[in-house]
Amino acid sequence: MCGRYTLFIDREELEERFDARFPDSESPFEPRYNAAPGQELPVITNEAPEEFRRLEWGLIPSWADDDSGGLINARAETVDEKPSFRAAYESRRCLVPADGFYEWVETKEDERIGDSRSSSDLRSDGGKQPYRVAFEDDRPFAMAGLWERWVPETTQSGLDAFGGGLEDETDEGPLETFTIVTTEPNDLVAQLHHRMAVILEPGREREWLTADDPQSCLQPYPGDDLRAYPVSTAVNDPSTDEPSLVEPVDP
């Protein structure tokens, strides 16, 4: 699965990398060292590929009765079949920019988690150890995502419920949410978890947004130029969001 990620590149570099802009009317872009479900985060939708939009992480299907239980991940193998994702897969796809993601692993004494380049020994003496997975140079990438627009039903109360004609309407407006598509892990991530986010090849990012059937985009990204290293357990708290979270630690 993918349950946390990072995005701390400079705004100008991020805009140049994806050829998209943050609307001037929105709050300034802030670096994220611990992006978590339930937060509003920047994505690029097929509806407006020239701009970043802030959507809430945790997809709510358009037909849902309420806005609880957002789905943070969707399996690539069934994304075109599951009722929660089928419509979004057909017409509401997005790019989720990131420059790393976290995975947690149950570690044992002398267990080896290999770095893709150095094969360094990242051992732990037990418990769950968080790891950050990123490119060697921390360059940004796009994870495949789906997005939805959920519109709450208008509720009425007061005399109108008895035909009196007075209305007390509650209309919260539409809620736009997204989920991250996952697939089988590459050799590096397989040492941490049995799933990984779909990292799109840069040349296929627009294909993911626009193709009639983009299933071929949903392949595990090779791990040759990725690294995995242990980070502080402070990342376990989603309210903690600071640069120290991405620094390597001794497990």
Practice prompt. Answer yes or no: does atom CD of Glu30 have more than 12 heavy-atom neighbours from other residues, nucleotides or ligands under 6.0 Å?
Written response: no

Worksheet entry | Salt-bridge present (Arg21, Glu12; N to O < 4.0 Å) | no

Worksheet item: In this structure, are over 12 heavy atoms from other groups packed under 6.0 Å from Asp187 atom CG?
Response: no

Worksheet item: Between Asp10 and Glu13, is there a donor-acceptor pair closer than 3.5 Å when you use the side chain of the first and the backbone of the second?
Response: no

Worksheet item: Are the charged groups of Glu148 and Arg92 less than 4.0 angstrom apart, N to O?
Response: yes

Worksheet entry | Test item: Arg132 side-chain N/O and Ala228 main-chain N/O as donor-acceptor pair under 3.5 Å | no

Worksheet item: Does the pair Arg149/Glu176 count as a salt bridge with the N-to-O cut at 4.0 Å?
Response: yes

Discussion item. Quick one about Thr183 and Arg195 (side-chain donor to acceptor, distance below 3.5 Å, no hydrogens or angles considered), yes or no?
Written reply: no

Item to complete: First locate atom CG of Leu200, then atom CG of Leu218, and finally report the distance between them rounded to the nearest 0.5 Å.
Response: 7.5 Å

Worksheet entry | Polar contact flag, side-chain donor to acceptor under 3.5 angstrom, Thr6-Asp99 | yes

Worksheet item: Between the side chain of Arg93 and the main-chain N/O of Ala211, is any donor-acceptor distance below 3.5 Å?
Response: yes

Item to complete: Could you verify whether a donor N or O on one side chain and an acceptor N or O on the other, from Ser244 and Glu242, lie under 3.5 Å apart?
Response: yes

Worksheet item: For Cys94 and Ile44, what are the C-alpha separation, side-chain angles and deciding distance, and is it a side chain to side chain contact (heavy atoms under 4.5 Å, CB included)?
Response: CA-CA 5 Å; Cys94 63; Ile44 299 172; 5.9 Å; no

Practice prompt. To the nearest 0.5 angstrom, please state how far the CE atom of Met143 sits from the OG1 atom of Thr182.
Written response: 11.5 Å

Discussion item. For Glu16, I'd like to know if atom CD has over 12 heavy atoms of other residues, nucleotides or ligands within 6.0 Å.
Written reply: no

Worksheet entry | Donor-acceptor contact present, side-chain Thr78 to main-chain Glu81, <3.5 Å | no

Worksheet item: Between Arg206 and Asp19, does a salt bridge (Lys or Arg N to Asp or Glu O under 4.0 Å) hold up when you go through it step by step?
Response: CA-CA 11 Å; Arg206 296 296 159 169; Asp19 194 21; 5.6 Å; no

Discussion item. Can you confirm whether the side chains of Asp213 and Tyr89 place a donor and an acceptor under 3.5 Å from each other?
Written reply: yes

Worksheet item: Do any N or O atoms from the side chain of Gln215 and from the backbone of Ala76 form a donor-acceptor pair under 3.5 angstrom?
Response: yes

Fill in: Check: Asn236 main-chain N/O paired with Thr240 side-chain donor or acceptor under 3.5 Å
no

Fill in: Hydrophobic cluster membership, Phe29 vs Leu95, 4.5 Å side-chain cutoff
yes

Discussion item. Would the distance check show the side chain of Asp241 and the main-chain N or O of Ala35 forming a donor-acceptor pair, the cut-off being under 3.5 Å?
Written reply: no

Practice prompt. Tell me whether the guanidinium CZ or amine NZ of Arg4 lies under 6.0 angstrom from the six-membered ring centre of Trp57 and within 45° of its axis.
Written response: no

Item to complete: Kindly compute the distance separating CD1 (Ile9) from CD (Glu15), expressed to the nearest 0.5 Å.
Response: 10.5 Å

Fill in: Whether over 12 other heavy atoms sit under 6.0 Å from Asp65 CG
no

Worksheet item: Would you say Thr177 and Leu71 make side-chain contact, with heavy atoms under 4.5 Å?
Response: no

Worksheet item: Is Arg86 paired with Glu90 through a side-chain N to carboxylate O contact shorter than 4.0 Å?
Response: no

Discussion item. Please check: side-chain N/O of Thr179 versus main-chain N/O of Asn73, any donor-acceptor pairing under 3.5 Å?
Written reply: yes

Worksheet item: Are Ser216 and Arg204 close enough, and set up right, to give a side chain to side chain donor-acceptor pair (under 3.5 Å), and what steps lead you there?
Response: CA-CA 10 Å; Ser216 62; Arg204 306 198 72 177; 2.7 Å; yes

Discussion item. Suppose the criterion is ring-ring contact (aromatic ring centres under 6.0 Å, His included): which pairs have a residue in residues 199-222, not counting sequence neighbours?
Written reply: Phe135-Tyr221

Fill in: Short side-chain to backbone donor-acceptor contact, Trp150 and Ala64, under 3.5 Å
yes

Discussion item. Between Tyr131 and Val189 (side chain of the first, backbone of the second, donor and acceptor by atom type, cut-off under 3.5 Å), is there such a pair?
Written reply: no

